[in-house]
Q: 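The structure follows.
For the numbers below, each heavy atom of this structure counts, side chains included, while hydrogens, waters and symmetry mates do not. No experiment lies behind these values; they were computed from the predicted model shown.
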Amino acid sequence: MIRTRIAPAPTGPCHVGIARTALFNYLFTRKHGGTFVMRLEDTDVARSRKEFEQDVYDSLRWLCLDWDEGPDVGGDFGPYRQSERKQIYQAALQKLLEANLAYPCFCTPEELEEERNRRLKLKLPPRYKGKCPTLSRAEQEAAKAQGKPYSIRFRMPDKTIAFEDMIRGKVQFDGAEIGDFVIVKPDGDFIFHLSNVVDDIEMKITHVIRGEDHVSNTPRHLALAEALGATPPTYGHIPLILNPDRSKMSKRKNPTSVSDYRQWGYLPEAMVNFLALIGWSSGTEREVFSLDELVAAFSIEAVGRAGAIFDIEKLNWLNGNYIRALPLEELQKRLRPYLPDADPDYLRRVIPLIQERLKRLDEAPALTEFFFRDELEYDPALLIAKKHTAEESRAALSQVLDRLSTIEEFGIESLENGLRGLVEELGWKTGHLFMAIRVAVTGSTATPPLFETMSVLGKERCLTRIRRAIEKLSAMSGERT
RNA sequence: GACCCCAUCGUCUAGCCUGGUCCAGGACACCGGGUUUUCAUCCCGGCAACACGGGUUCAAAUCCCGUUGGGGUCGCCA
């Protein structure tokens, strides 16, 4: 039985990298009928916050990446918050201490810093090489008796540690290059390496899929598992998401919070699809997948090894795609937060006109503004039709007004008949007249189709706006004479 | 600097394992054209890559070595 986990640290808003790691874990797990666990790694008390924990849940749930066990849903291997599992780590620590596989380190931060710099200057890897590893029990007790603060280090074995990565194949490190690392802080807090490994063991995690930034931690984790006498999980390291400059994606250079993308009106379907496409390909030419379809098509071996840039343009395209595919009712529902004051019935008629023009939901207010405003603001010069003067445009709009007045019901067909007829009579180019009307009625040169738009706006509003346009044009021709 | 990883169009990638079917396919972006009352959609077309150098081979994007480039890690963060 496969068991996987996503192990976020609630030290910031849910990062898209976490979301993608969760996604790959989710796909792998569902594909194989396993159990997906949410484990909160909140061992860093100073930086962990409840609101971030909530943000992780909200963001991942929004993406429909639900978990089977977790702090908020329970399960047989809880608690699922590391802050609530200290006794478990304490027991593991005792085991290591008793076997002399870990030892107290009394070095001060200053001493460590000094040693680090010295080794760096000698072009040596900055690993720990203090005196504490060889302290006798008596010396350790003496130092403790003096009240000296101490951390606890794990004795990293002096041997080659190799493992078979699900994605990159065989990887190996020299344990001696790594050095003894801290697993407990002087204040008693456990460091991620220990809690992470202990929990993976205790929670019977079989496969760990995580970011590439963890490959160099893997030998530590393998050594820890061995010291604890446990069989380690199988590891797989997915490539990182990159900034356009190819550095690791960071909020300094890019928005990284899932909640940001959510607010901008990216659909969760598009987000999931996009995230899956970063570093993974189905091997076919297909690129649009629902979450369920991804589960069916996914294969961990097909995940690439090279980092990939977060290409917002592709996300935009996918999002537009998904928006266009949404049923009217569904789109209206999703648009509600962006147009909270709109009358539902009226909105139902407006939405079809902007659906294929939307790349993000948050563009809706700007695209539909003229449907809701009373007074339009625009440059009157836009009313002057191409190849025509202000006066000619005014006269034409006057005729448009007359013609429109004779139309009882502003249906698409009646508008088309009336207006196209007028184009003929005037001898104008269709586009020239229609653009003048468009600007008069919407205040914009880029709008949904004219007749549909006018039909939705209704006769009254259209006539009023055309009258206003005529006034503006009169003022302009007046200025000239 | 050390260690580890990576390397196909601007971007995401297919192909690489099992060399020839690849003068390298798809998608996004971009450019051009068509449909069209504008915008958008849609359709058609175009631009554009095997990082470099050695090998191995009848034949290399595919195998090997090296170089270069990029990234990650080196925390009493995760």
Q: For B/rG66 versus B/rG19, give the span between their P atoms, rounded off to a whole number of Å.
A: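 Looking at atom P only, B/rG66 and B/rG19 are 22 Å apart.
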Q: Describe the nucleic acid contact of A/G179 in one word from base, sugar-phosphate, nothing, applying a heavy-atom distance below 4.0 Å.
A: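 Counting heavy atoms under 4.0 Å across all strands, no contact is made by A/G179.
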Q: Among the candidates B/rU37, B/rU38, B/rA7, find the nucleotide nearest to the side-chain atoms of A/L450.
A: B/rU37
Q: Which part of the nucleic acid, if any, lies within reach of A/A446 when heavy atoms closer than 4.0 Å are counted: base, sugar-phosphate only, or nothing?
A: base
Q: Using the P atom in both, what is the distance from B/rG45 to B/rC4, to the nearest Å?
A: 49 Å
Q: May I have the step-by-step check of salt bridge (charged side-chain N to carboxylate O under 4.0 Å, His left out) for A/R5 and A/D200, ending in yes or no?
A: CA-CA 8 Å; A/R5 45 71 162 184; A/D200 283 341; 2.8 Å; yes
Q: Decide yes or no, distance alone: a donor-acceptor N/O pair under 3.5 angstrom between the base of B/rC5 and the side-chain of A/R305.
A: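 No, no donor-acceptor pair under 3.5 Å.
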Q: Of all the choices, B/rU38, B/rU13, B/rC6, which nucleotide is nearest to the side chain of A/R168 once you look at every atom?
A: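 Nearest nucleotide to the side chain: B/rC6.
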Q: Does the A/Y261 side chain pair with the main chain of A/P255, one donor and one acceptor, at a distance under 3.5 Å?
A: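 Checked: pair present.
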Q: Is the distance from OP1 or OP2 of B/rG75 to the nearest side-chain N or O of A/R116 less than 4.0 Å?
A: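 Yes, within the criterion.
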Q: Between B/rG53 and B/rC16, how far apart are the P atoms? Round to whole Å, please.
A: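 Between the two P atoms, the distance is 24 Å.
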Q: Give a yes or no on whether the backbone of A/M156 and the side-chain of A/D180 come within a donor-acceptor separation of less than 3.5 Å.
A: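 Yes; at least one donor-acceptor contact below 3.5 Å.
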Q: In whole Å, measure the gap between the C1' atoms of B/rA24 and B/rU8 for me.
A: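 Pairwise C1' distance, B/rA24 against B/rU8, rounds to 8 Å.
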Q: Report which part of the nucleic acid A/H432 touches: base, sugar-phosphate, or nothing (heavy-atom distance under 4.0 Å, all strands).
A: nothing
Q: Quote, to the nearest angstrom, the C1' distance that separates B/rC42 from B/rC6.
A: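 One C1' to the other, the span is 39 Å.
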Q: Picking from B/rC42, B/rC5, B/rU38, which would you name as closest to the side chain of A/R324?
A: B/rC42
Q: Which is true for A/L433 with a 4.0 Å heavy-atom rule: it touches a base, it touches only sugar-phosphate, or it touches nothing?
A: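 Nothing, no nucleic acid heavy atom in range.
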Q: A/F154 ring centre to A/R220 NZ or CZ under 6.0 Å, with the angle to the axis within 45°?
A: no
Q: Rounded to whole angstrom units, what separation is found between the CD atom of A/E212 and the P atom of B/rA78?
A: 21 Å
Q: With sugar-phosphate meaning primed atoms plus P, OP1 and OP2, does A/T43 contact a base, only sugar-phosphate, or nothing at under 4.0 Å between heavy atoms?
A: sugar-phosphate
Q: Among B/rC76, B/rU73, B/rC12, which nucleotide has an atom closest to any side-chain atom of A/P109?
A: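 The closest nucleotide is B/rC76.
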Q: Using only heavy-atom distances, decide whether a donor-acceptor pair under 3.5 angstrom links the side-chain of A/E285 to the base of B/rG25.
A: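 Side chain to base: no pair below 3.5 Å.
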Q: Any base atoms under 4.0 Å from A/F451, or only sugar-phosphate, or nothing? Heavy atoms, all strands.
A: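 Contact class for A/F451: base.
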Q: Expressed in whole Å, how much space separates the C1' atoms belonging to B/rU11 and B/rC30?
A: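 11 Å, rounded to whole Å.
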Q: Take atom C1' in B/rU13 and the same atom in B/rC50, then report the distance between them in whole Å.
A: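 These two C1' atoms come out 13 Å apart once rounded.
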Q: Mind checking if A/S48 touches a base, just sugar-phosphate, or nothing, with heavy atoms under 4.0 Å?
A: nothing
Q: Expressed as a whole number of angstroms, how long is the span from A/K248:NZ to B/rA78:P?
A: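 Checked: the NZ to P distance equals 14 Å.
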Q: Have a look at A/Q172 and say if it touches a base, only the backbone sugar-phosphate, or nothing, with a 4.0 Å heavy-atom cut-off.
A: sugar-phosphate
Q: A/F173 has a side chain; which of B/rA78, B/rC3, B/rC6 sits nearest to it?
A: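 Closest nucleotide among those given: B/rC3.
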Q: Is the backbone N or O of A/T447 less than 3.5 Å from a side-chain atom of A/S444, with the two atoms forming a donor-acceptor pair by type?
A: no
Q: Checking the side chain of A/E111 only, and the main-chain atoms of A/T108 only, is there a donor and an acceptor separated by less than 3.5 Å?
A: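 Yes; judged by distance alone, with no hydrogens or angles, the pair exists.
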Q: Without decimals, in angstroms, what is the distance between A/R5 CZ and B/rA78 P?
A: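 My rounded result for the distance is 13 Å.
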Q: Judged by atom type as modelled, is there a donor-acceptor pair below 3.5 Å linking the side chain of A/N25 to the main-chain atoms of A/T4?
A: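 No.
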Q: In this structure, how many angstroms lie between the C1' atom of B/rC5 and the NZ atom of A/K170, rounded?
A: 16 Å
Q: Which is true for A/R438 with a 4.0 Å heavy-atom rule: it touches a base, it touches only sugar-phosphate, or it touches nothing?
A: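 Base contact.
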Q: What does A/S281 touch in the nucleic acid at a heavy-atom separation under 4.0 angstrom: a base, only the sugar-phosphate, or nothing?
A: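 It contacts sugar-phosphate atoms only.
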Q: Using a 4.0 Å heavy-atom cut-off, does A/E313 contact any base of the nucleic acid, only the sugar-phosphate backbone, or nothing at all?
A: sugar-phosphate
Q: For A/P449, answer base if it contacts any base atom (sugar-phosphate contacts may also be present), sugar-phosphate if it contacts only those atoms, and nothing otherwise; contact means non-hydrogen atoms under 4.0 Å.
A: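 Base, at least one base atom sits under 4.0 Å.
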Q: Does a distance-only test, which skips hydrogens and angles, find a donor-acceptor pair under 3.5 Å between the side chain of A/K314 and the base of B/rA27?
A: yes
Q: Where the side chain of A/N217 is concerned, which of B/rA78, B/rU38, B/rC6 is the nearest nucleotide?
A: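 It is B/rA78.
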Q: What is the distance from CG of A/D187 to P of B/rC76, rounded to the nearest Å?
A: 13 Å
Q: Please evaluate residues A/I238 and A/R210 with respect to the criterion side chain to side chain contact (heavy atoms under 4.5 Å, CB included), reporting the C-alpha separation (whole Å), side-chain torsions for both, the decisive distance (0.1 Å), and the verdict.
A: CA-CA 6 Å; A/I238 65 179; A/R210 57 187 357 181; over 6 Å; no
Q: Any base atoms under 4.0 Å from A/C105, or only sugar-phosphate, or nothing? Heavy atoms, all strands.
A: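 No contact.
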Q: Would you indicate what A/P239 reaches in the nucleic acid, counting non-hydrogen atoms under 4.0 angstrom: base, sugar-phosphate, or nothing?
A: nothing
Q: Distance check needed: B/rA27 P versus A/L315 CG, whole Å only.
A: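 Between P of B/rA27 and CG of A/L315: 19 Å.
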Q: Distance check: side-chain N/O of A/R420 vs OP1/OP2 of B/rU37, anything under 4.0 Å?
A: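 Yes, A/R420 has a side-chain N/O under 4.0 Å of OP1/OP2 on B/rU37.
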Q: Specify the separation, in whole Å, of atom CD1 of A/I191 and atom C1' of B/rC74.
A: 15 Å
Q: Identify which nucleotide among B/rC28, B/rC12, B/rU41 has an atom closest to any side-chain atom of A/I309, counting heavy atoms from C-beta outward.
A: B/rC12
Q: Does A/K386 place a side-chain N or O at less than 4.0 Å from the phosphate oxygens OP1/OP2 of B/rU38?
A: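 No.
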Q: Once you round it to whole Å, what is the distance between C1' of B/rG10 and CG of A/D311?
A: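 Taking atom C1' of B/rG10 as the reference, CG of A/D311 is at 9 Å.
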Q: Roughly how far apart, to the nearest Å, are B/rC64 and B/rG25 at atom P?
A: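 B/rC64 and B/rG25 have their P atoms separated by 25 Å.
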Q: Any chance you could lay out the salt bridge (charged side-chain N to carboxylate O under 4.0 Å, His left out) test for A/R334 and A/E330, step after step, and finish with the verdict?
A: CA-CA 6 Å; A/R334 302 208 198 194; A/E330 183 60 27; 2.8 Å; yes
Q: Among the candidates B/rA29, B/rG71, B/rU37, find the nucleotide nearest to the side-chain atoms of A/R246.
A: B/rG71
